[in-house]
Amino acid sequence: MHRDALARFGHALSDPTRTQILLSLRTGPAYPSALAEAIGVSRQILSNHLSCLRGCGLVVAVPEGRRVRYELADRRIGHALDDLLGLVLAVDPACCPTADTEECC
């Protein structure tokens, strides 16, 4: 069970677009159009990645009238991302020569 949960998290992080979505959502909820623009992908590509992240249990869609916003399924996911990023930088500081955590690796 723990193995499967970690494998889902690893699968989510294996794609740079999904990783960027998760990093963006750790600062708070966002609407798909804003996420697509911030990340620089089409709405269709973003939708496919959001579907994957929902399937992994990492993000949830919250209806707001006719719109839907996305947020991390649990605030601890944001903390885990921060911890994981800090660990990666500690183990391999050359990973991010600019030290810009939003664009890392």
Side-chain angles (χ1 to χ4, degrees):
M1 172 126 95
H2 295 287
R3 178 188 66 211
D4 294 339
L6 285 175
R8 282 193 313 271
F9 195 71
H11 174 72
L13 292 176
S14 70
D15 181 88
T17 300
R18 288 193 298 268
T19 299
Q20 189 59 46
I21 292 168
L22 291 171
L23 289 173
S24 295
L25 291 177
R26 73 186 168 156
T27 61
Y31 295 100
S33 58
L35 276 172
E37 185 176 327
I39 295 169
V41 297
S42 71
R43 295 272 317 264
Q44 181 61 44
I45 288 173
L46 183 83
S47 177
N48 292 340
H49 286 292
L50 285 171
S51 177
C52 176
L53 291 170
R54 280 193 319 270
C56 289
L58 299 175
V59 302
V60 293
V62 180
E64 286 188 340
R66 297 177 68 179
R67 298 179 74 188
V68 175
R69 78 169 195 271
Y70 285 84
E71 59 188 48
L72 296 177
D74 189 296
R75 63 185 165 92
R76 292 176 291 184
I77 295 169
H79 298 300
L81 289 167
D82 289 339
D83 290 344
L84 184 58
L85 186 54
L87 176 62
V88 168
L89 290 173
V91 171
D92 184 8
C95 168
C96 302
T98 63
D100 181 357
T101 59
E102 294 301 317
E103 299 295 327
C104 184
C105 307

Nearest heavy-atom neighbours spanning Leu35 and Ser24: CD2-CB, 3.8 Å
Distance-minimising heavy-atom pair for Leu25 and Val59: CD1-CG1, 3.7 Å
Rounded distance [0.5 Å steps], CG in Asp4 versus NE2 in His11: 13.5 Å
CG on Asp82 to CG on Leu23, rounded to 0.5 Å: 8.5 Å
Atom pair OG1/CG of Thr19 and Leu85 - distance to nearest 0.5 Å: 10.5 Å
Atom of Val60, atom of Ala73 and distance for their closest heavy-atom approach: CG1-CB, 3.9 Å
Straight-line distance of Asp83 CG to Leu87 CG, nearest 0.5 Å: 8.5 Å
Separation between CZ of Arg8 and CZ of Arg3, rounded to the nearest 0.5 Å: 11.5 Å
Minimum-distance pair of heavy atoms, taken over all atoms of Leu72 and Gly78: CD1-N, 3.6 Å
side-chain hydrogen bond (donor to acceptor under 3.5 Å, both in side chains) involving Ser42 - partner list, sequence neighbours excluded: none
Test side chain to side chain contact (heavy atoms under 4.5 Å, CB included) applied to Tyr70 and Leu46, step by step: CA-CA 11 Å; Tyr70 285 84; Leu46 183 83; over 6 Å; no
Within one Ile-Leu-Val-Met-Phe-Trp-Tyr cluster: Ile45 and Tyr31, side-chain cutoff 4.5 Å: no
Least distance between heavy atoms, Cys56 atom then Ala12 atom: SG-CB, 4.4 Å
Taking every non-hydrogen atom, the tightest pair across Ser33 and Arg43: CA-CD, 3.7 Å
Separation of Leu53 CG from Leu13 CG (nearest 0.5 Å): 9.0 Å
N/O donor-acceptor pair under 3.5 Å between Arg69 side chain and Val62 backbone: no
